[in-house]
2 protein chains.
Amino acid sequence: MGSTIAFVSAEIRTAAFTAPFASYVGAAAHCEWCGLRELCLPAGLAPHAVRLFERVISNRMRVKRRDSLYRPDDLFTAVYAIRVGTFKTSMLAEDGREQITGYFMGGEILGADGISHGHHRCGAVALEDSEVCVLPFHLLEKFAHELPAFGHNLYRLISKDVCRSQDMMFLLGSMRAEQRLAAHLLNLAARYRARGYSGTEFMLRMTREEIASMLGLKLETISRLFSHLQGEGLIQVQGRSVKLLDSAALRWIVGKQSQFES
Amino acid sequence: MGSTIAFVSAEIRTAAFTAPFASYVGAAAHCEWCGLRELCLPAGLAPHAVRLFERVISNRMRVKRRDSLYRPDDLFTAVYAIRVGTFKTSMLAEDGREQITGYFMGGEILGADGISHGHHRCGAVALEDSEVCVLPFHLLEKFAHELPAFGHNLYRLISKDVCRSQDMMFLLGSMRAEQRLAAHLLNLAARYRARGYSGTEFMLRMTREEIASMLGLKLETISRLFSHLQGEGLIQVQGRSVKLLDSAALRWIVGKQSQFES
DNA sequence: CGACTAGTTGAGGCCAGTCAATGTTGGTGG
DNA sequence: CCACCAACATTGACTGGCCTCAACTAGTCG
């Protein structure tokens, strides 16, 4: 890794610094050929603009399972577009409590939480061997300045994080355990479907404990709920592989009044 | 109100449309004299830049208690800087469940949740008679383009919402009732202090029910917790007026392990 | 004054947490 | 190849924190 790094620019070195366990892959990114283009930052750009956008990508990086892409308090220098793999982001309280704040998959952008303070507030850890495009933020800003059409994409990107968090707040603040899990499964399903995968059968990349942390529950509760939903014939679970048998019923669970039953 | 509107520009009419109960106040905003300048969007700008920034503010608007600044699904045209007063933002599920997602006070910016979809996802309601500066988003983008130093402020602004939401997710996902309330009180205290008010004695602008909704609890629980914290001598409550008697103890409550007691 | 809203307090129930035992899976080394 | 181990997962019994329902008080506005 060290010898590879020697050839690359300052940005790349910075990126490597913030992600000590990641390895450099190659400078050239080809959004043109990337299946995730329309889900990613260059979405909607004209072909020639996409070509220009590629120059913003300082490099690609591999991150191995369990390795950090960035850690809490790391200097914020870039956001990361996931090419392959999945990540979790989590906050750590001083006392060691961990709260998983997000689950990210291909085509999604990670790391925008660092913009406001200049340091990342969350850590991002790969849930499987993954690959990301490194997008130095100052280059993104520059590109946005040169191409106003893209500038709006960038605002939208950050704002999408706000929406995601708000959905999560709604889930955590007003749903019961079963509803939370059902909502989470449907959310995963929709995102897999948008990526061309099956919207009914997929692999969970998180452990029960991680799912629990994300949904504000305990791992035993998740385990019990999986068993229960399976018993009801709504899903089929086998370790980490899940099959949704009755999405309509899951949606009904999410929608039903959690309180003030009427 | 109608006759006033007749004189104003398209932006203002748009703003008035999204906020049907708000009334137009005056076109000229004077950030220069505004006590909240350093907490608001023009924070850190040079005096002449602040002068330029004022042109972005299409107008000021009064919003009466209980009136909406914007509602869910309203077209997103502007963000709003609070000059006077306080607001709550809330999401509504189809089934009528309401989840309060935010509490905003002077100098804070509201409405960034609309950027990504072009429509607001939350509604914003004034908790007391309030006044906001209307900042049409396309003008903000234009200004950011002309003054890159400000551009960064704008990214930071949106990203701050992300941080706020993440803090909330942490609170909702991993704290017990007492910790949530203590954290909320300390959060309010810090924000009042930053505005030059007392950091130990302040008025709650939300009902018990609203506080409960925001913290993912029920109003009775909030009421009981207030009584309990008062009994312990940590706070003094009298309806909506609160006095923090022992902030250190409150901080201890927030910090103590909620689970895995060690 | 009565109607209404906001808040307090109590009794009881239930959902999810806690503790603990056991089963399953996957990786490692003899 | 199997034995072993650690990490992950399941299930049961019990507990307790918060919700629910309900009664009552205080303050406000017509």
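What you see is a predicted model, and the numbers here were worked out from it, not measured in a lab.
- Among the atoms of the strands shown, only primed sugar atoms or phosphate atoms (P, OP1, OP2) are found under 4.0 Å from some heavy atom of Thr207(A).
- Put simply, CD1 on Ile211(B) is 17 Å from C1' on dC18(D), counting in whole angstrom units.
- Between the NE2 atom of His228(A) and the C1' atom of dA9(D) there is a distance of 19 Å, given to the nearest Å.
- Among the nucleotides dA9(D), dC18(D), dT20(D), the one closest to any side-chain atom of Lys218(B) is dT20(D).
- With Arg191(A) contributing its side chain and Asn187(A) its backbone, the two residues share no donor-acceptor pair below 3.5 Å.
- Atom pair Glu220(B):CD and dA11(C):P shows a separation of 15 Å (rounding to whole Å applied).
- Atom CD of Glu210(A) and atom C1' of dC8(D) are 11 Å apart (whole Å).
- Using bins of under 30°, 30° to 60° and over 60° for the plane-to-plane angle, the ring pair Phe202(A)/Tyr192(A) lands in the parallel bin.
- Counting atom types as modelled, Arg240(B) pairs no side-chain N or O with a base atom of dG7(C) as donor and acceptor under 3.5 Å.
- A donor-acceptor contact under 3.5 Å links the side chain of Arg224(B) to the base of dG10(C).
- In this entry the distance linking CG of Leu217(A) with C1' of dA9(D) reads 16 Å, nearest Å.
- In this entry the distance linking CG of Leu172(B) with P of dG17(D) reads 20 Å, nearest Å.
- Following rounding to the nearest Å, Gln238(B) (CD) and dG7(C) (P) show an atom-to-atom distance of 12 Å.
- Looking at the side chain of Ser227(B), the nearest of the listed nucleotides dT8(C), dC8(D), dG7(C) is dT8(C).
- Taking every side-chain heavy atom of Thr221(B) into account, dC18(D) is the closest of dA9(D), dA16(C), dC18(D).
- Aromatic ring orientation, Tyr70(B) versus Tyr80(B): parallel (interplanar angle below 30°, classes split at 30° and 60°).
- A salt bridge between Glu128(A) and Arg65(A) is absent, with no side-chain N of the basic residue lying under 4.0 Å from a carboxylate O of the acidic one.
- With hydrogens and angles ignored, no donor-acceptor pair under 3.5 angstrom links the side chain of Glu209(A) to the base of dC8(D).
- A side-chain contact (heavy atoms from CB on, under 4.5 Å) with Gln166(A) is found for one member of Gln99(B), Met168(B), Arg121(B), Met169(B) and no other, namely Arg121(B).
- The side chain of Arg208(B) lies closest to dG7(C), out of dG7(C), dC18(D), dT11(D).
- The CZ-P distance, from Arg176(A) to dG17(C), rounds to 12 Å in whole Å.
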